[in-house]
Each structure stands twice: as C-alpha cells, then as structure tokens.
Amino acid sequence: MVDSQQQREAGTLRLQVFLSRSGITSRRQAMTLIQRGDVSVNGKTVSEPSFPVHGGEDVRVKGKRIAAPQYQYLMLNKPSGYVTTKRDPFAERTVYDLLPKTLSGVKPVGRLDKNTEGLLLLTNDGKIIQRLTHPRYNIEKTYLVRIKTLFKFEDRKKIEGGLFIDHKKTAPAKIESIQNKSGSSQLTLVIHEGRKRQVRRMFAQLGYKVVYLKRMRQGPVKLGRLPLGKFRFLADGEIKALRAI
Ligand code: URA
C-alpha cells in the first residue's frame with residue numbers, strides 16, 4: 001500500500017522542478033529566479049527552491065501565472081501478485097493499488113505479467129507510451145530470468161537468434177550474463193519486443209520453466225534501488241532521455 005510519505009508527496013513538486021517542468025525555464029535559471037525573489041506561490045514570494053507546490057496552486061514569475069506541468073512520469077517496482085491493469089472485474093490487486101489516487105491518470109508503459117516483478121513506467125504522456133511500446137522504435141528491455149534447471153550453453157544461440165512464438169520469429173535478443181548455481185540458472189536477457197508473456201514463452205520453447213522474472217530496464221531508464229512495491233517520480237534527466245527516443 002501507499003505510505004503516508006508518498007501520499008503527501010504525490011502530485012507535489014519542488015518549486016524549482018515545477019518551473020522547469022512547466023517549460024518556461026531551465027532548472028538552473030529557475031533557481032536564479034527563485035533566489036532573486038521573482039517567484040510567488042499563492043501571493044507570497046518564495047525564495048526556497050525546494051518549496052513544495054501542488055498542481056492547483058497559483059505560481060507566478062514576475063507576476064505572470066505559470067501553468068502546472070502537464071505530464072507526470074513515474075516508475076514503480078512492481079511486486080509479484082499485482083496485475084498491470086486499471087480495473088480488474090475479478091477484484092485482483094492492481095498496480096494502481098500501489099499508487100495514490102492523485103496519480104490515477106497515469107497509464108502503464110507496456111505490461112508486466114501478474115507474477116513478474118520490477119520496472120513499470122507509468123505516465124500520462126501518450127507520445128512517450130507510443131514510443132516506448134511501438135515495435136518501430138526497437139526499445140530494449142532488460143530482464144533478470146531465473147530457471148530451476150541449468151541453462152544449456154547451446155540454447156544461448158537459439159534465444160539470441162530468435163524462436164517461433166505464435167508462428168512468428170522473435171527478434172534477435174542478447175543474453176548478457178549466465179550464472180549457474182546448484183542446479184539452477186540466472187540470466188540477464190535483453191529483448192526489444194513486448195509480446196505477451198514473451199520471456200516466459202521463449203524459455204518454455206526450450207523446455208525451461210521461468211520461476212522468477214524481473215524487469216530491470218526499459219529503454220534508457222533503469223530500476224536501480226527503488227524498493228519493491230514503491231514508486232518514484234522520474235528525474236529530469238530520465239524524462240529527457242525518454243523524450244529523446
Ligand atoms: N515477458 C514475460 O514473459 N513476462 C513479462 O511480464 C514481461 C516479459
């Protein structure tokens with residue numbers, strides 16, 4: 001569930017970030033404007049760049065009202081057991097149960113299976129969703145895959161070269177690492193497609209059962225150390241990298 005700290009911070013931006021994300025200035029210039037006393041919030045001058053601001057507040061620079069940033073970008077470290085959908089008629093737990101209500105307008109960028117963990121990007125920026133999910137853009141995704149038997153060396157080529165799923169060959173993939181330990185294996189796999197249950201089905205084709213699957217990276221954005229079940233807003237650099245796709 002969402003903790004109170006996140007609840008308080010949801011939909012709130014630091015004044016400096018509010019100004020830079022609203023597109024009127026750079027982050028550095030926003031700092032200068034604030035420190036110079038050119039910025040007011042609800043009629044009062046604010047000279048603290050980290051002052052928290054909500055979308056509905058009256059923010060002005062030299063008296064001119066600034067519209068709140070339009071888009072929200074966040075990442076969630078999705079735990080197993082949550083479905084990537086907004087409403088589930090069978091009342092399963094959904095990823096929205098892990099977000100505050102104020103963020104209910106964001107949509108998932110692609111899907112993770114109920115039993116998959118890891119990086120799920122969410123945004124209300126349709127263009128970014130389209131770019132990250134459309135096959136034309138070839139966006140790489142990195143997964144950590146655990147199987148409960150040893151991975152056979154000769155299968156690497158098969159996975160990397162492509163396998164048939166629903167009569168269609170998967171695009172070339174890359175296995176970045178393989179660790180074999182006490183009868184089971186852990187692999188790092190990079191794919192560009194987002195077909196349904198793709199990783200599980202690729203391994204199933206070769207007779208392996210995936211017992212743990214976690215997405216670590218989606219395009220330029222990495223999961224990093226975000227704790228399981230928690231979300232955070234993307235940093236400006238991450239948003240910039242997504243927009244550059
Ligand atoms: N591939 C899968 O099999 N499942 C996921 O959730 C993501 C990729």
Side-chain angles (χ1 to χ4, degrees), residues 74-88 90 92-99 106-123 128-149 151-152 155-179 184-224 226-231 242 245:
L74 46 139
M75 69 158 75
L76 172 72
N77 187 351
K78 178 192 163 309
S80 174
Y82 287 80
V83 290
T84 312
T85 180
K86 195 132 203 192
R87 251 169 230 103
D88 190 281
F90 303 104
E92 287 198 84
R93 289 184 296 183
T94 82
V95 292
Y96 289 90
D97 293 336
L98 299 164
L99 303 176
V106 295
K107 293 197 176 111
V109 181
R111 277 171 194 280
L112 289 177
D113 299 337
K114 183 177 172 188
N115 295 328
T116 303
E117 279 187 5
L119 176 63
L120 183 67
L121 295 175
L122 298 116
T123 180
I128 290 293
I129 297 179
Q130 153 85 356
R131 287 202 189 157
L132 278 158
T133 53
H134 197 286
R136 171 154 49 111
Y137 293 98
N138 239 350
I139 300 301
E140 284 189 347
K141 281 155 281 193
T142 303
Y143 291 91
L144 189 84
V145 186
R146 280 192 205 132
I147 51 175
K148 62 177 179 187
T149 45
F151 186 73
K152 293 190 225 86
D155 286 337
R156 181 177 199 151
K157 253 198 192 147
K158 295 180 189 162
I159 290 210
E160 294 192 332
L163 295 161
F164 281 89
I165 295 181
D166 295 335
H167 311 291
K168 193 175 165 240
K169 205 170 180 188
T170 57
K174 178 106 193 86
I175 293 179
E176 285 187 338
S177 70
I178 306 173
Q179 285 168 277
S184 60
S185 297
Q186 177 171 298
L187 301 93
T188 314
L189 174 72
V190 182
I191 59 171
H192 331 126
E193 296 166 298
R195 288 155 70 180
K196 203 164 179 224
R197 298 178 68 79
Q198 178 161 347
V199 176
R200 293 176 199 277
R201 290 163 82 202
M202 284 168 81
F203 280 81
Q205 283 273 321
L206 300 171
Y208 300 110
K209 177 154 177 57
V210 172
V211 290
Y212 178 77
L213 185 59
K214 179 171 193 166
R215 182 153 67 198
M216 310 301 292
R217 180 172 71 93
Q218 219 175 337
V221 180
K222 290 185 184 151
L223 178 63
L226 184 65
L228 193 64
K230 301 287 181 195
F231 78 92
L242 289 177
I245 289 169

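None of these values were measured; they are calculated from a predicted model. One-based numbering, in listed order, for ligands and for the atoms of each.
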Pick out the protein N or O atoms lying less than 3.5 Å from any N or O of ligand 1, and list each pair with its distance.
{"from": "ligand 1", "atom 1": "1 (N)", "to": "Val199", "atom 2": "N", "distance (Å)": "3.1"}
{"from": "ligand 1", "atom 1": "3 (O)", "to": "Arg197", "atom 2": "O", "distance (Å)": "3.2"}
{"from": "ligand 1", "atom 1": "3 (O)", "to": "Gln198", "atom 2": "N", "distance (Å)": "3.3"}
{"from": "ligand 1", "atom 1": "3 (O)", "to": "Val199", "atom 2": "N", "distance (Å)": "3.1"}
{"from": "ligand 1", "atom 1": "3 (O)", "to": "Arg200", "atom 2": "N", "distance (Å)": "3.0"}
{"from": "ligand 1", "atom 1": "4 (N)", "to": "Asp113", "atom 2": "OD2", "distance (Å)": "2.7"}
{"from": "ligand 1", "atom 1": "6 (O)", "to": "Asp113", "atom 2": "N", "distance (Å)": "2.7"}
{"from": "ligand 1", "atom 1": "6 (O)", "to": "Asp113", "atom 2": "OD2", "distance (Å)": "3.4"}
{"from": "ligand 1", "atom 1": "6 (O)", "to": "Thr116", "atom 2": "OG1", "distance (Å)": "2.8"}

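A side-chain donor-acceptor contact under 3.5 Å links Tyr96 to the backbone of Val106. Side-chain atoms of Gln205 never come within 3.5 Å of backbone atoms of Ile165 as a donor-acceptor pair (strictly under, hydrogens ignored). Checking side-chain atoms of Thr116 against main-chain N and O of Leu213 turns up no donor-acceptor pair under 3.5 Å.
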I would like to know whether Phe231 and Leu98 meet side chain to side chain contact (heavy atoms under 4.5 Å, CB included); could you show each step before the answer?
CA-CA 8 Å; Phe231 78 92; Leu98 299 164; over 6 Å; no
Could you walk me through whether Arg111 and Thr84 satisfy the side chain to side chain donor-acceptor pair (under 3.5 Å) test, starting with their C-alpha distance in whole Å, then the side-chain angles of each, then the deciding distance to 0.1 Å, before giving a yes or no?
CA-CA 6 Å; Arg111 277 171 194 280; Thr84 312; 5.5 Å; no
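Under the salt bridge (charged side-chain N to carboxylate O under 4.0 Å, His left out) criterion, Arg200 pairs with Asp113, not counting sequence neighbours.
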